[in-house]
Protein chains: 2
Amino acid sequence: MPQKSPLDGASRTDVPGPATAELPAAAPGLRERRRRQTRTEISQAALRLFQEYGVDATTVDGIAHAAGISQRTFFRYFTSKEEAALPAHQDFDAALEAGLLTIDPAGNPREELERVYQQVMQGYADNDAPQARSMLLVNQLIRKEPLLKAALLKHNATRTTGLVDALTDRFGRDGVSDLQIRLAFETCAAVVRVAFEVWVTRREAGRDDNLPDIYASARQLAH
Amino acid sequence: MPQKSPLDGASRTDVPGPATAELPAAAPGLRERRRRQTRTEISQAALRLFQEYGVDATTVDGIAHAAGISQRTFFRYFTSKEEAALPAHQDFDAALEAGLLTIDPAGNPREELERVYQQVMQGYADNDAPQARSMLLVNQLIRKEPLLKAALLKHNATRTTGLVDALTDRFGRDGVSDLQIRLAFETCAAVVRVAFEVWVTRREAGRDDNLPDIYASARQLAH
DNA sequence: GCCATTATGGCAGATACTGCCACATTGGCA
DNA sequence: TGCCAATGTGGCAGTATCTGCCATAATGGC
């Protein structure tokens, strides 16, 4: 409940100069850079171990040791071992939130959301780019590991609540109900989820389909 | 992987007489009745404690004690404390599976699925019937408890895999792709999820809207 | 170079969950 | 009716997750 809305944009518009530098987005800073580096090191260790031994057989102690930190420190970076495997999705979410800021409140919610998603998907068009490779790798893992899938769903559910509230404010006008917003969001998210699954399946089958195209056709099929 | 498909119906068509009686669905039997009773007693205890103290503050030991069993026995009935709160959804799932058996393989997947869901929803039309009351109560709890929401999503995700496979077999013909099935299922499920949420919200606000109507309008909005 | 802030690690403790074994209960069958 | 195999139950030990607390070390501003 006490979380701030993820779409108010304050974290990006505030603090033009260094100022108090409470938020890392504006001024990276040395400390923050180290922190991010540690975070990615943990994630890489986690992904490697998950791939090699499976999620069940991998312990937090093992991940922490592989990343060169203590267990206690691990839990200061991630709330669970599953979370450590989802940095690609956090990047995706960040891009999504940035895109949602460009939404036209006078437009049709469903169409606007689909436009934003399509735009974010473009960032994964090149299957050989690091962004796409990371995302593909994690999703392959998720496909085989119910625990990771559950963690992702939980992650999404948590975020969805805030996003729906923010969107409701943004679209706050007559003729657009809460039901409509929620519905648009959930159905869009469902199509995206399926697009990701199909992308992974086809890539594993050796095809070089790209994500934006799959999403586009899925979106069309859904109508 | 080694789970049997939930839609092959063998558990219902097999064993006309008592025979070996491996499955409880056909012949309830005394032992099975006791088992079910214990199961519902555990669930009721769990729901009561969750309501009163919250999910976090409720321990498995507490639930087990309230239900008059040991912790060890609890874990023979449910895999986690959150699972114990979802008997209403398991009933819903059972009704859904029964409905899916009536699907016309020659029909349109999306339309067939929506028909089945609509039919299952009818079982919750009377807000005062015990079925609807239980479902409403649990969903109120889920609304406030992220842990329960996560557990439900996990539960659904687990089931979805099997159902999609079964439906793919059933619709196995040219012109119906795996993508189409998966998409139909996910989008239908999304609409259902929203319908439940809206139902709970409106009932809590004092309105006496009923579930099938909400679902029908949500379905219409989604198109 | 000093000091407030912050990151880290170690430890204890609560809880979740599982495997194993002993015992009790049950239901079928001679 | 009484025996036997199958099944349910409880206790116990052990592992893993996750958190609070405190001492210590590193950092960055002044």
* Asked: Which is true for B:Arg34 with a 4.0 Å heavy-atom rule: it touches a base, it touches only sugar-phosphate, or it touches nothing?
  ->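 Answer is nothing: B:Arg34 stays at 4.0 Å or more from every strand.
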* Given the rule in the salt bridge (charged side-chain N to carboxylate O under 4.0 Å, His left out) test, do B:Asp128 and B:Arg133 qualify, once you have shown the distances and angles that lead to the verdict? -> CA-CA 6 Å; B:Asp128 294 325; B:Arg133 293 175 80 90; 3.8 Å; yes
Atom [atom1] of [X] and atom [atom2] of [N]: how far apart are they, to the nearest Å?
X	N	atom1	atom2	answer
A:Phe75	D:dG20	CZ	C1'	14 Å
B:Ile42	D:dT9	CD1	P	8 Å
B:Gln71	D:dG8	CD	P	19 Å
B:Arg76	D:dG10	CZ	P	8 Å
A:Ile63	D:dT17	CD1	C1'	12 Å
A:Asp61	D:dC18	CG	C1'	12 Å
B:Phe74	D:dG11	CZ	P	16 Å

* **Side-chain touch B:Arg182/B:Thr168, heavy atoms, less than 4.5 angstrom** =>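 Counting from C-beta outward, B:Arg182 and B:Thr168 never come under 4.5 Å.
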* Which heavy atom in B:Leu167 sits nearest to a heavy atom in B:Ile103, and how many Å separate them? ->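 Nearest heavy atoms, B:Leu167 then B:Ile103: CD2-CD1, 4.0 Å.
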* **Closest contact, heavy atoms only, A:Ser43 versus A:Phe78** =>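 Heavy atoms of A:Ser43 and A:Phe78 come nearest at OG-CZ, 3.4 Å.
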* Any side-chain donor-acceptor pair under 3.5 Å between A:Glu114 and A:Gln118? -> no
* Interface limits on DNA chain C, where chain B has a heavy atom under 4.0 Å of a nucleotide atom -> C:dT15 to C:dG27
* Among D:dC21, D:dT17, D:dG10, find the nucleotide with the atom closest to the side chain of A:Lys81. =>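 Per side-chain heavy atoms of A:Lys81, the pick is D:dT17.
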* **Closest listed nucleotide, where the reference is the side chain of A:Thr59 and the choices are D:dG8, D:dG10, D:dT17** => D:dT17
* **Distance below 4.0 Å between B:Tyr77 side-chain N/O and D:dT9 OP1 or OP2** => yes
* Asked: Between the two end axes of the helix from C:dG1-D:dC30 to C:dA30-D:dT1, each built from 5 base pairs, what angle do you get to the nearest 10°?
  ->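 Here the local axes at opposite ends form an angle of 20°.
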* Is the distance between the ring centroids of A:Phe196 and A:Phe92 under 6.0 Å? -> yes
* When you check the gap from the basic side-chain N to the acidic O, do B:Glu32 and B:Arg36 get nearer than 4.0 Å? -> yes
* To do: Go through A:Lys149 and A:Arg143 one step at a time and tell me if the side-chain contact (heavy atoms from CB on, under 4.5 Å) criterion holds.
  => CA-CA 7 Å; A:Lys149 187 164 210 164; A:Arg143 195 172 183 272; over 6 Å; no
